[in-house]
Amino acid sequence: MSGEISLGRYVEGDSPLHKLDPRIKIVMFFLYMVVVFTVSVPQVMAMLALCLMLQIIVARLPLKVIGTSITPVLPVAVFIFILNAVTNKKGDVVFSRWIITITDIGLKNATITAIRLILMIVSTSIFLTLTTTPLKISEALESLLAPLKLIKFPVHELSMMMSIALRFIPTLIEETDKIMKAQVSRGADYDTGSIVNRIKGYTTILIPLLISSFKRADELAIAMDARCYHGGEGRTKLNPLKLTMKDILIGLFMLLCAVALLVLNNIWK
Amino acid sequence: MAEKTNYKNEKQNSFSAIKLVDVSFSYGTDEEEADSSKEKEKALDGVSFEIMQGEYIAILGHNGSGKSTMAKLISALEVPTEGDIYILGNNTKGEENFSEIRKNTAIVFQNPDNQIVGATIEEDVAFGPENLGIPNPELRQRVDESLKRVGLYELKEREAARLSGGQKQKLAIAGALAMHPKILILDEATSMLDPKARDEFLELVERLTKENHLTLITITHDMNEAMRADRIFVLDTGKICLEGKPEDIFEDEKRIVGLGLELPHHIKLANDIARATGIEPNKECFADIQSTVQYIKETVKKANIKNVLTESHEKHQKNGNILTAENLVYSYDNRKAPVLNGVSFDVEEGEMLALIGKSGCGKTTLISHLNAVMKATSGVVKVNTRDGKVLKTNNKKDIKHIRENVGLVFQYPEYQLFEETVYKDIEFGLKKQGKNEEERKKIIENTVKLVGLKPKILNKSPFELSGGQKRRVAIAGVLAMEPRILVLDEPAAGLDPKSKNDMFLIIDNLKRHGVTIIIVSHNMDDVIRFSDRVLILSDGKTLEAKDTSVSFADCELLNRLGIKRPVLHSLLDMIIEPKDKETQQRIAGVRDYDDAVELILKEAAKV
């Protein structure tokens with residue numbers, strides 16, 4: 001049931017990584033993205049992987065969960081590996097038949113790219129999806145993008161929209177389930193028939209869902225008005241984001257690691 | 001009564017909270033937005049009244065009488081087209097007053113889901129004060145205090161979407177209280193709650209309003225709820241047609257029924273007794289339940305009762321079983337206790353079986369198994385067809401036929417409408433059954449009549465109909481498939497008294513046409529009136545289905561299972577004060593007011 005669906009696959013916990021200020025996590029996420037896509041020396045990549053492993057241990061994330069986030073991208077990684085291996089023509093040929101030629105440099109590049117992809121997913125999981133609730137991410141973005149308000153970019157509005165969308169996802173999932181059961185009771189069939197027919201069948205869910213969502217939006221807008229909502233100006237926050245010394249220290253440590261990796265990569269290249 | 005006298009004493013030093021002067025309002029003044037038919041219709045038409053601070057007002061009226069518009073006008077969500085509204089002295093027309101007015105008038109709306117803004121409980125409560133710019137630590141203190149007062153403090157970090165309906169409405173109250181308002185408006189806030197949650201909610205609100213000396217305005221369809229107020233306004237076509245103390249309002253039964261309303265249970269019973277005995281009540285008898293009970297007791301003593309007409313009810317005839325559930329087990333999650341844990345029961349052909357049980361005990365889950373839209377972890381539902389075959393839910397080939405035999409109407413079925421016209425929507429199931437056009441047309445026209453709608457409605461869009469009409473169209477969509485068993489989940493939820501009564505008459509009529517009915521209901525007064533047998537679901541198991549009168553004789557059991565007794569039975573207990581088992585059973589056998597009057601007179605004649 002919807003009660004069991006965890007959004008963005010957040011894993012509850014109170015590790016230092018969970019508690020870390022979400023703004024720092026977002027900044028670190030981008031920083032480590034840069035690292036993932038810059039390092040190319042195998043030893044440094046191994047160190048990066050080790051670094052991420054450490055973070056997983058600190059966050060006490062079950063390896064199974066990490067595994068399930070990697071599995072869906074494995075086919076993509078394999079595809080990219082093959083594509084890279086086949087298209088690269090530089091270096092010594094190690095394998096050649098028909099029009100397929102594979103070189104040693106090609107193999108090396110392909111491996112690096114595939115590993116990069118997996119490291120990227122792992123690092124996204126660690127920093128964002130698994131240790132940070134979507135709501136926190138939305139709050140952090142509002143705070144990080146605050147300077148854009150100067151050029152009249154609707155930062156608060158976007159963040160509000162995002163958090164309301166997140167708030168309504170369980171409600172809408174429940175509703176979809178309800179509508180689906182009701183239509184099935186009337187003879188609708190979503191599992192058999194041609195694909196076209198199946199897609200057509202989904203209009204019997206989508207239209208009622210859309211209509212009720214509009215109604216909900218309308219009622220919610222009135223309810224928000226009634227509670228004096230007037231945009232972000234002059235609003236206070238119950239749980240404002242606060243940078244603590246600990247956050248800064250952890251951030252600095254991670255920054256140092258990243259810089260060290262980049263430097264080593266440059267030296268050993 | 002103490003509160004009412006209190007209010008009178010306080011009135012002199014009280015001040016005007018809400019004042020309406022000749023207020024009219026019509027929707028869609030922007031010409032492009034306006035629906036041509038509604039353009040000139042006034043939602044409110046020349047309304048004037050004044051409410052003093054601390055008063056408790058109920059606003060009644062059938063659907064579309066302008067009640068909700070009133071709530072929006074009072075909280076400055078809409079501005080009157082004509083006339084003026086003063087909230088605590090501020091005119092709602094002045095845009096500069098908006099925030100002051102909205103800060104002071106908190107509303108709790110009907111649908112609990114559509115007023116929760118925050119993802120967690122505490123963040124939702126904070127939403128209002130955050131908008132007012134209340135800084136920490138006052139903000140934190142307001143949130144915590146409000147949550148403590150409604151009893152949700154322990155859950156404050158939970159996700160708001162996961163609360164039960166009753167808890168969500170309490171959350172809405174907490175959100176309102178955190179803004180420190182002077183006026184609290186409940187806009188049909190209890191209509192989606194079950195009776196227990198409703199009582200609890202109302203008691204909470206009344207306690208809080210008294211503690212804070214708030215003005216409370218409740219817009220409701222529940223007459224017993226309205227009885228609790230100091231004054232009642234009745235709206236009809238945008239005008240206030242009745243105004244006064246509850247006992248005055250409900251004096252004229254014909255007028256009330258003509259306005260699409262009904263009488264509170266105790267007044268209805270007193271009126272019926274008066275008619276039967278010819279002794280007119282004075283209206284003081286109506287002020288509260290105790291006085292009414294007293295009046296009835298005295299009246300039947302005075303009255304010279306000779307012979308009481310005995311009208312025996314048509315007893316439900318025993319027929320063969322049409323549906324059998326065997327040992328149904330279902331759990332959403334293997335780790336948790338199953339929702340259904342070995343449910344077995346029979347349904348007899350042609351009967352109306354009521355399924356009752358606490359909110360959240362799995363009634364909807366259970367009925368979803370009856371036509372296999374949910375598949376049991378183990379166990380089976382068998383349906384006996386006319387030609388002697390047995391269809392089983394665990395046999396894939398049978399499922400289509402089971403769904404033809406068992407029609408399922410979920411709660412608030414109007415959400416399932418999706419076609420451009422009513423005709424097409426009802427046609428949906430028939431097309432799936434592969435009926436030809438001529439057959440379909442005939443069936444649709446018939447079905448529409450069965451649910452009490454006029455044929456001209458067929459070409460309209462389902463979305464321009466009223467709430468009660470939409471629901472009937474949705475039921476027609478299931479009925480058109482000519483099921484032999486119709487399962488209805490709270491078919492009257494959220495309807496106004498007249499539509500609700502019509503709905504039950506339609507269902508009763510279907511039963512007369514030979515359709516077997518299974519109905520899920522929270523309203524026990526409806527259950528005793530219409531059902532033949534009662535099936536109680538509790539802790540994942542069903543108790544043996546018994547005749548309605550037998551089920552309701554076991555008050556102890558009902559109490560233990562958290563099921564509220566029918567109001568009519570509780571009233572009879574107070575009037576007759578049964579001393580022996582036999583009388584208790586007679587009370588449990590009472591189905592409607594006629595039965596009740598008969599029983600009261602009979603018991604009086606004994607003495």
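To find a chain, count down the sequence lines: A is the first, B the second, and so on, and within it residues start at 1.
The structure places CD1 of Ile205(A) at 12.0 Å from CD of Gln416(B), a figure rounded to the nearest 0.5 Å. In this structure, OG1 on Thr203(A) lies 6.0 Å from CZ on Phe418(B), to the nearest 0.5 angstrom. Within the model, atoms CZ of Arg102(B) and SG of Cys228(A) stand 7.0 Å from one another, a figure rounded to the nearest 0.5 Å. Distance CD1/Ile207(A) to CZ/Phe463(B): 7.5 Å, rounded to 0.5 Å. To the nearest 0.5 Å, atoms CG (Asp225(A)) and CZ (Phe98(B)) are separated by 9.0 Å.
At a 4.5 Å heavy-atom cutoff, the contact between Val125(B) and chain A is made by backbone atoms alone. Contacts of Phe127(B) with chain A are made by both backbone and side-chain atoms, with heavy-atom separations under 4.5 Å. Interface remark: Leu139(B) contributes backbone and side-chain atoms alike to the contact with chain A (heavy atom separation under 4.5 Å). Contacts of Asp113(B) with chain A are made by both backbone and side-chain atoms, with heavy-atom separations under 4.5 Å. Using a 4.5 Å cut-off between heavy atoms, Lys400(B) does not touch chain A at all. Neither the backbone nor the side chain of Met180(A) comes within contact range of chain B, judged by heavy atoms closer than 4.5 Å. In this structure, no portion of Ser212(A) lies under 4.5 Å from any heavy atom of chain B. No part of Pro413(B) comes within reach of chain A, as not one of its non-hydrogen atoms sits under 4.5 angstrom from that chain. Only the side chain of Ile211(A) comes within less than 4.5 Å of a heavy atom of chain B; its backbone N, CA, C and O stay farther away. When heavy atoms are compared at a cutoff of 4.5 Å, Val143(B) approaches chain A solely by way of its side chain, counted from C-beta outward. Of the atoms belonging to Ile116(B), heavy atoms from both backbone and side chain fall under 4.5 Å from chain A. Looking at Ala221(A), neither its backbone nor its side chain comes within 4.5 Å of chain B, counting heavy atoms on both sides.
Contacts with chain B were tallied for Asp189(A), Leu206(A), Ile164(A), Leu135(A); Leu135(A) has the most, counting heavy-atom pairs under 4.5 Å. Chain A forms the most heavy-atom pairs under 4.5 Å with one residue out of Ile101(B), Leu132(B), Ile134(B), and that residue is Ile134(B). Across Asp124(B), Ile402(B), Val108(B), the residue that shares the most heavy-atom pairs under 4.5 angstrom with chain A is Asp124(B). Ranked by heavy-atom pairs shorter than 4.5 Å toward chain A, the options Leu408(B), Val478(B), Leu77(B) are led by Leu77(B). With respect to chain A, the highest number of heavy-atom pairs below 4.5 Å among Gln411(B), Lys103(B), Glu123(B) belongs to Glu123(B).
The backbone N or O of Arg227(A) lies less than 3.5 Å from a partner atom in the side chain of Asn131(B), making a donor-acceptor pair. Remark: the backbone N or O of Glu219(A) is not paired with any side-chain donor or acceptor of Gln115(B) at under 3.5 angstrom. Checked by atom type and distance alone, the side chain of Ser75(B) never pairs as donor or acceptor with a backbone atom of Ala226(A) at under 3.5 Å. At distances below 3.5 Å, at least one donor-acceptor pair connects side-chain atoms of Asn136(B) with backbone N or O atoms of Leu238(A).
For the pair Lys178(A) and Tyr415(B), the distance from NZ or CZ to the six-membered ring centre is under 6.0 Å and the angle to the ring normal is within 45 degrees.
Ser368(B) and Lys181(A) make their closest contact through OG-CD, 4.2 Å (heavy atoms, listed as atom of the first residue, atom of the second, distance). The two residues Phe428(B) and Ala188(A) have their closest heavy-atom pair at CZ-CB, 3.7 Å. Considering every non-hydrogen atom in both Thr236(A) and Pro129(B), the closest pair reads OG1-O, 4.0 Å.
Within a 6.0 Å sphere centred on CD1 of Ile195(A), heavy atoms belonging to other residues, nucleotides or ligands number 12 at most. Within 6.0 Å of atom CD in Glu420(B), 12 or fewer heavy atoms from other residues, nucleotides or ligands are found, so the atom counts as exposed in its surroundings. No more than 12 heavy atoms of other residues, nucleotides or ligands shown are found within 6.0 angstrom of NZ on Lys136(A).
Residues Ser99(B) and His230(A) fail the side-chain proximity criterion, which asks for heavy atoms closer than 4.5 Å.
A salt bridge links Asp425(B) with Arg186(A): at least one charged nitrogen is closer than 4.0 Å to a carboxylate oxygen.
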Intermediate values then yes/no, side-chain contact (heavy atoms from CB on, under 4.5 Å), Lys215(A) and Asn114(B): CA-CA 9 Å; Lys215(A) 192 173 167 243; Asn114(B) 299 352; 5.5 Å; no
Under the side-chain contact (heavy atoms from CB on, under 4.5 Å) criterion, do Lys72(B) and Ile222(A) qualify, and how do the steps go? CA-CA 9 Å; Lys72(B) 284 181 195 156; Ile222(A) 292 172; 3.9 Å; yes
Is there a side-chain contact (heavy atoms from CB on, under 4.5 Å) between Ser185(A) and Arg403(B)? Walk through the geometry before answering. CA-CA 6 Å; Ser185(A) 296; Arg403(B) 290 193 183 142; 5.8 Å; no
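Residues meeting the salt bridge (charged side-chain N to carboxylate O under 4.0 Å, His left out) test with Arg140(B), sequence neighbours left out: Glu122(B), Asp144(B).
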